[in-house]
Number of protein chains: 2
Amino acid sequence: MKESIGIKQIAKLAEVSIGTVDRVLHNRGGVSKITEQRILDVVKKTGYKKNTVASRLRLGTHKKVKIAVLIPEATDNWGYWELPKKGMDKAAEELKDHGIEITYFYFSDPLVFMSMSRKMLSTHFDGIVTVPFFTPESDRLFRKAREKKVPVVFLDTRITLGHPGYFICQDAHQAGLVAGRLLHGLVGEGVYIVLNIVNAKGLHENNRQRENGFREFLNAVNRKGKIEVYTINYPLNQPLEAIPDVAKLLKDERSKGVFVTNSRAYMLPPVFRRYGVTDVPVVGFDLNKENMECLKREEIAFLINQKPEYQGYNAIKGLFKFLTEEDASELHVDIPVEIVVKENLHIF
Amino acid sequence: MKESIGIKQIAKLAEVSIGTVDRVLHNRGGVSKITEQRILDVVKKTGYKKNTVASRLRLGTHKKVKIAVLIPEATDNWGYWELPKKGMDKAAEELKDHGIEITYFYFSDPLVFMSMSRKMLSTHFDGIVTVPFFTPESDRLFRKAREKKVPVVFLDTRITLGHPGYFICQDAHQAGLVAGRLLHGLVGEGVYIVLNIVNAKGLHENNRQRENGFREFLNAVNRKGKIEVYTINYPLNQPLEAIPDVAKLLKDERSKGVFVTNSRAYMLPPVFRRYGVTDVPVVGFDLNKENMECLKREEIAFLINQKPEYQGYNAIKGLFKFLTEEDASELHVDIPVEIVVKENLHIF
DNA sequence: CTGAAAGCGCTTACAG
DNA sequence: CTGAAAGCGCTTACAG
């Protein structure tokens, strides 16, 4: 790490002014082929890297990097979406002096998602962060943004797009495998129940993939054919014990374990108590208050954390880095499948 | 986030020059009480925060932050210590333009630790990162550094010092509790074995605390008195099956699970094979190559990761932040007790 | 097509 | 005790 050369030495070596060097470095045009080549040669030979601190001092105060964030309303899903936002605010705070400006937009359904998308695209933003709950609408936003060369970072859920996009999310299928491993370790042979929430929008992609992973794991270990897996899709906002299927399965003493593919595992323990069900471990997702209480009371065995704050933090940090240094390396983030038990809870 | 005021506006509001403002801000002295107070009032009123980017452009090129790192030789412990170093190098790379310089020192035993300590303290360093394997020696380094107002950050192991220090490490007792939870979930009642490595230096603090945590957990769940825990302290570099205690216990069919308090869990599966032991789950520490192979082959059930790279990265980032912004918030880091199974392995 | 100059906000050496 | 000026490395508006 020798005294790293700066733009000034590049200029001297190429026998031009620093202004011309900068023009080449930023493809601002208006430089003759011959001098351009000379400069590029020197840049290459010296391994010049711009001083990001100096660059940002200059740029940060002149023009901020503007990022638009479009996430679900906080009313949705126990305020889960406040957590990524918290992470994004933290990142923004850290990048304050580097020049960043985040504008938040919120959606509740595909229509609002689309109208917010339009609003974001008509204003000038350097980058967009959003959540692809609605595949066709997300794809449309992605395509339009692409035409304008505005990068889009998707959080939480992976969907298939026409072109490769930036995703910061947990591998839901893998999370399902892990859940299978954990529950099978506690339960062994017997009947497993997968509990999905189905709301008006149908089953979320993540939930589907989690179930698939879970079933794949159990299938692989089911050598003696003594493992059975039943899926229950229950409608949100309906008491669990009112649903015949659920009641029947929970009362069945062969039932050995339950995998809740969403963040509402905490709904089970009261039902268990009501039916006198004991020793049926539950594996669920997300560290909401209710789930954490259940974990502490050992009514839930394992929770899987998606690290929502970390997702948001990374999205902003990574996008900023991409926009200022053309480095996209931090925009493909596989969120670890973080396993949480009662004993390692408080540190998250 | 209004146009944050800078030192220039502070100077104008306090009717002094920016030089004087800076003198007050940095306690450089030579300012009359009255102007000092006037400036401090304005600073307070406006909520001025220095622009770290500008500050670092200026300082980063003039005087680098110099950090000394004293860690175990890489030959020790399967090159575990290359990992924190890797994290530190990554942090240094990110802070390159901000002006940082890391010098590495290595130790193998208390004597070398002491002589390196002396060397570090006689040179001028702004901060020190080290690993407190040897309590009295570490305490001495800590005290000497404290006299010189040089902050010390300890990695890996928590020890008790005369004054509160900065530690970036996993709570070993908590990790033991987690191990207890995991192994008990797989095993239930029966005989548990705790395997410690004892080398010339005796049992490491971390191993002791892990065992304590493990025993505490099993004790708490041992309501019917059907759980027994045996500890084996075996000398490093001796074949496991050659030790009578180990052989006896492993052959005992009541043995249900083994907790290896160090990073050598991979030594067990070959012994198991030799004695025809099956279905005895193993929980161990650290993601070294051998352990990961065993995890993949399902010969180890769970590994606990101490995130060594992350420890190193955080130490440098946190120390740099403390040295440049007097913000010590990132120097107390509780490393999560990260639970790793076969299915969530590859993402780490 | 190219250069010289101003300035981002902070820090410090120098002059008074 | 205080101020004016130079400069960190980069970027850009302006002049030629």
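Just the heavy atoms: all of them, side chains too, but no hydrogens, waters or symmetry mates, feed the values below. Labels below follow one simple rule: chain letters A, B, ... track the order of the sequence lines, proteins then strands, and each chain is numbered from 1.
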Is it true that the side chains of B:Asn305 and B:Tyr310 contain a donor and an acceptor less than 3.5 Å apart?
no
With a 3.5 Å cut-off and no angle check, do the side chains of B:Ser117 and B:Arg140 form a donor-acceptor pair?
no
Measure distances between side-chain N and O atoms of A:Arg23 and base N and O atoms of C:dG3, and say whether any donor-acceptor pair falls under 3.5 Å.
yes
With a cut-off of less than 4.0 Å, is there a side-chain N or O of [X] near OP1 or OP2 of [N]?
| X | N | result |
| --- | --- | --- |
| B:Ser55 | C:dT11 | yes |
| A:Thr20 | C:dT2 | no |
| A:Ser17 | C:dG3 | yes |
| A:Tyr48 | D:dC10 | yes |
| A:Ser32 | C:dT2 | yes |
| B:Thr35 | D:dC1 | no |

Tested for side-chain hydrogen bond (donor to acceptor under 3.5 Å, both in side chains) against B:Tyr313, the lone hit among B:Glu94, B:Lys307, B:Lys90 is B:Glu94
Would you mind reading off the distance between A:Ile5 atom CD1 and D:dC8 atom P, rounded to a whole angstrom?
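Distance, rounded to whole Å: 15 Å.
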What is the distance, rounded to the nearest whole Å, between atom CD1 of B:Ile18 and atom C1' of C:dC8?
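To the nearest whole Å, that distance equals 13 Å.
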Looking at every strand, decide which applies to [X] at a 4.0 Å heavy-atom threshold: base, sugar-phosphate, or nothing.
| X | answer |
| --- | --- |
| B:Asp22 | base |
| B:Val16 | sugar-phosphate |
| A:Leu25 | nothing |
| A:Lys33 | nothing |

Go through [options] for me and flag the one nearest to the [X] side chain.
| X | options | value |
| --- | --- | --- |
| A:His26 | C:dT11, D:dT11, D:dC8 | D:dT11 |
| A:Ala54 | D:dC10, C:dC10, D:dT2 | D:dC10 |
| B:Arg58 | C:dT2, C:dC10, D:dC10 | C:dC10 |

By nearest heavy atom, map B:Leu57 and B:Ile34 onto DNA chain D; which one lands nearer the 5' end?
B:Ile34
For C:dC14, what is the paired nucleotide under Watson-Crick or G-U wobble rules, both distances under 3.5 Å?
D:dG3
Any Lys/Arg nitrogen of B:Asp41 or B:Lys45 sitting under 4.0 Å from an Asp/Glu carboxylate oxygen of the other?
no
SB check B:Lys49 B:Glu325 (cutoff 4.0 Å):
no
